[in-house]
Amino acid sequence: MLDLKFIRENPDLVKLGVGNKNEKNTVDEILELDKERRDFLQRTEELKAKRNTVSQEIARLKKSGENADGIVAEMRDVSDEIKSLDDKLRIISDKLNVLLLWIPNLPHESVPVGKSAADNIEDRQWLPEGFKFENEAPVLDHVELGKKLNILDFERGAKISGSGFPVYVGKGATLERALINYMLDLHLAEHGYTEMMPPLLVNRDSMTGTGQIPKMEEDMYHCEKDDLFPIPTAEVPITNFHRNEILNESDLPIKYVGYTKCFRREAGSYGKDSKGFLRVHEFNKVEMVKFVKPESSYYELENLVNDAEDILKALKIPYRILKLCTGDLSFSAAKCYDIETWSPAENKWLEASSCSNFDNFQARRANIRYRKTEDKKVDFVHTLNGSGLATSRLMVSILENYQTPEGKVIVPEVLQKYTGFKIIE
RNA sequence: GGAGAGAUGGGUGAGUGGCUGAAACCAACGGUUUGCUAAACCGUCGUAGGGGUUAAACUCUACCGAGAGUUCGAAUCUCUCUCUCUCCGCCA
């Protein structure tokens with residue numbers, strides 16, 4: 001959520017940012033409603049001030065035994081008027097609030113302006129020693145490998161649940177678990193995160209707090225009976241862990257990491273990139289979430305990316321970092337880096353992580369603040385999060401990059417002590 | 001699912017219709033005293049929104065779990081909901 005005062009004072013800046021994000025521009029409507037709201041507010045507050053003073057007068061009269069019937073009757077009318085003004089005010093405020101919830105976060109000034117993913121800018125690449133993009137031997141894709149080695153079963157997953165619900169089998173399941181454990185352990189031991197295991201079903205307020213609702217509501221699964229949502233990312237429960245709280249400045253930055261299942265309907269994306277792991281409804285992800293002081297959030301974003309990169313370097317998976325342009329930035333993000341890993345079989349880069357700074361956008365929505373040590377004032381924190389990493393696309397890269405000419409898969413060295421085996425055949 | 005108890009500021013907790021934005025205590029912060037620490041004493045100590053100001057000062061409104069209602073006036077009375085605790089039942 002943007003600060004209404006900021007919109008009031010910088011309408012052109014807001015319009016520009018919203019436009020660059022390809023979102024609907026309702027700034028003028030908002031300003032009009034805001035003006036109307038303040039008008040009503042002033043009128044109703046004047047009447048309330050009157051009511052307060054006269055009420056005391058009535059108390060005094062009654063105490064001294066005097067007759068107060070006249071002003072009591074008069075105040076009855078004032079009260080009625082307050083009620084009707086308050087009703088109108090509420091209607092206006094509700095309308096205004098809905099519009100505000102639909103205004104996206106503004107892109108940071110360092111974000112390149114662009115229309116779509118095609119305008120994203122490659123920041124850097126990292127390739128393991130001896131890596132070549134051209135393959136000498138023919139490569140199997142991850143679906144073929146999964147089938148041949150009997151470690152992944154997409155067909156049976158479809159039978160059990162539907163398409164996009166993979167089953168990990170045997171050493172495939174062990175490898176997945178090893179990967180998750182390895183990533184968690186690295187973030188705990190090397191990067192100073194605190195591990196979290198949050199609920200996988202969250203309420204509407206939490207979804208609104210991090211910005212998935214209203215815009216992405218159609219992409220969420222929904223348990224209607226209880227109005228609960230299976231999480232699309234651990235960002236939601238972990239960020240909302242501190243919803244409606246005031247943190248101490250001395251506790252910042254707070255860094256959490258958690259492994260969860262993630263659930264996404266991926267509405268409207270059928271048939272697109274739908275093979276195997278490339279688009280799934282349920283997947284595993286290790287997510288990092290940070291609560292930081294405003295002045296350090298862009299520095300923390302770079303660190304967040306580095307934390308995710310460390311995993312890929314250790315796994316020796318080729319990857320590149322993209323700086324997302326304004327048009328490809330998600331609703332709540334002010335700045336975002338995507339990390340893409342290389343798939344030799346698809347012969348392209350696959351998104352495996354997204355690291356974003358939300359500035360104070362989520363903090364406003366979720367009301368997460370901190371008290372400054374120096375002047376005791378409260379201010380909104382900045383929130384960040386990044387996948388570190390999502391396993392599905394990463395598993396594609398691991399299986400394909402680590403396959404042997406015979407179609408076996410070597411387990412990456414750092415995972416071997418977690419799997420207990422070195423090769424899948 | 002049934003029965004009961006409860007929800008007040010950073011914490012404990014008082015408060016059953018007007019003088020309560022809210023006692024008291026604790027914590028925190030500033031100061032005095034002190035060789036240092038401690039203790040004692042004095043003072044400060046909510047959030048949000050509107051008006052106002054270069055900025056303040058100042059001023060108004062709202063907020064005692066959430067929402068509605070009664071009343072000239074609600075932390076206080078009524079209703080609904082949420083959450084927490086205790087007991088019973090059911091399931092794991």
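Taking the C1' atom of each, B:U16 and B:A92 are spaced 45 Å apart, rounded to whole Å. Annotation: B:G10 and B:G46 have their C1' atoms spaced 10 Å apart (nearest Å). Comparing the P positions of B:A5 and B:U78 gives a spacing of 13 Å, expressed to the nearest Å. Of the P atoms belonging to B:C26 and B:U44, the separation is 16 Å, rounded to the nearest Å. As rounded to the nearest Å, B:G31 and B:G21 have P atoms that lie 32 Å from one another. Using C1' as the reference atom, B:U20 and B:A74 are 12 Å apart when rounded to the nearest Å. Distance check on atom P: B:G67 versus B:U76 gives 13 Å, rounded to whole Å.
A:R38 places its CZ atom 9 Å from the C1' atom of B:G50, with the value rounded to the nearest Å. Atoms CG (A:D87) and C1' (B:G69) sit 13 Å apart, rounded to a whole Å.
The phosphate of B:A62 has OP1 or OP2 within less than 4.0 Å of a side-chain N or O from A:N52. For A:R76 and B:U71, the shortest distance from a side-chain N or O to OP1 or OP2 is not below 4.0 Å.
Taking the ring centroids of A:F263 and A:F229, they lie at or beyond the 6.0 Å cut-off. Checked against a 6.0 Å centroid threshold, the rings of A:Y168 and A:F277 count as neighbours. For A:F358 and A:H382, the ring centers sit 6.0 Å or farther from each other. Between A:Y256 and A:F241, the gap from one ring centroid to the other is short of 6.0 Å.
Taking the six-membered ring where the residue is Trp, A:F165 and A:Y221 present tilted rings, their angle falling between 30° and 60°. Under the 30°/60° scheme for interplanar angles, the aromatic rings of A:Y193 and A:H191 are found to stand perpendicular.
Ranking B:C72, B:U70, B:U61 by closeness to the A:K83 side chain, first place goes to B:U70. Distances were taken from every side-chain heavy atom of A:M75 (C-beta onward) to each of B:G10, B:G50, B:C72; the shortest belongs to B:C72. Side-chain proximity of A:Q42 to B:G18, B:U61, B:G51: nearest is B:G51. Of the candidate nucleotides B:G49, B:U61, B:G18, B:G49 has the atom nearest to the side chain of A:L41.
With a cut-off of 3.5 Å on both pairing distances, B:G73 has no Watson-Crick or G-U wobble partner at all. Summarising the base pairing, B:C64 is matched to no nucleotide, lacking a Watson-Crick or G-U wobble pair whose two defining distances lie under 3.5 Å. Remark: B:A22 base-pairs with no nucleotide in the shown strands. Criterion, Watson-Crick or G-U wobble with two distances under 3.5 Å. In this structure, B:C83 forms a base pair with B:G6, meeting either the Watson-Crick or the G-U wobble geometry with both donor-acceptor distances under 3.5 Å. Shown here, B:G30 forms a base pair with B:C42; the pair counts as Watson-Crick or G-U wobble because both key distances fall under 3.5 Å. For B:G1, the paired nucleotide is B:C88, the pair qualifying as Watson-Crick or G-U wobble because both relevant distances are below 3.5 Å. Both distances falling under 3.5 Å, in either a Watson-Crick or a G-U wobble arrangement, occur for no nucleotide opposite B:A57.
At a cut-off of 3.5 angstrom, counting only N and O atoms as typed in the model, there is no donor on one side facing an acceptor on the other between the side-chain of A:E45 and the base of B:G51.
Taking the charged nitrogens against the carboxylate oxygens, A:R204 and A:D227 do have a contact shorter than 4.0 Å, which makes a salt bridge. Taking a cutoff of 4.0 Å between a charged side-chain nitrogen and a carboxylate oxygen, A:K372 and A:E249 do not qualify as a salt bridge.
Heavy-atom nearest nucleotides on RNA chain B were determined for A:T53 and for A:S79, and the one closer to the 5' end corresponds to A:T53. For the pair A:E46 and A:R371, nearest-nucleotide mapping onto RNA chain B gives the more 5' position to A:R371.
Each of A:D185, A:T174, A:N181 was checked for a side-chain hydrogen bond (donor to acceptor under 3.5 Å, both in side chains) with A:Y418, and the lone residue meeting it is A:D185.
Minimum interatomic distance between A:F291 and A:V289 (heavy atoms only, all atoms of both residues): CE1-CG1, 4.0 Å.
Residue contacts shown for A:R369 are limited to sugar-phosphate atoms, with no base heavy atom under 4.0 Å away. Within the nucleic acid shown, A:R51 comes within 4.0 Å of sugar-phosphate atoms alone, with no base atom in reach, counting heavy atoms only. Heavy atoms of A:Q56 sit nowhere under 4.0 angstrom from any nucleic acid atom. Within the nucleic acid shown, A:V378 comes within 4.0 Å of sugar-phosphate atoms alone, with no base atom in reach, counting heavy atoms only. In this structure, A:I58 reaches the bases: a heavy-atom distance under 4.0 Å links it to at least one base atom across the strands shown. Counting any heavy atom pair closer than 4.0 Å across all strands shown, A:K50 reaches no nucleic acid atom. Heavy atoms of A:R8 sit under 4.0 angstrom from primed sugar atoms or phosphate atoms, though from no base atom.
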Base versus backbone protein contacts along nucleotides 63-68 of chain B [heavy-atom cut-off under 4.0 Å; B, S, -]:
------
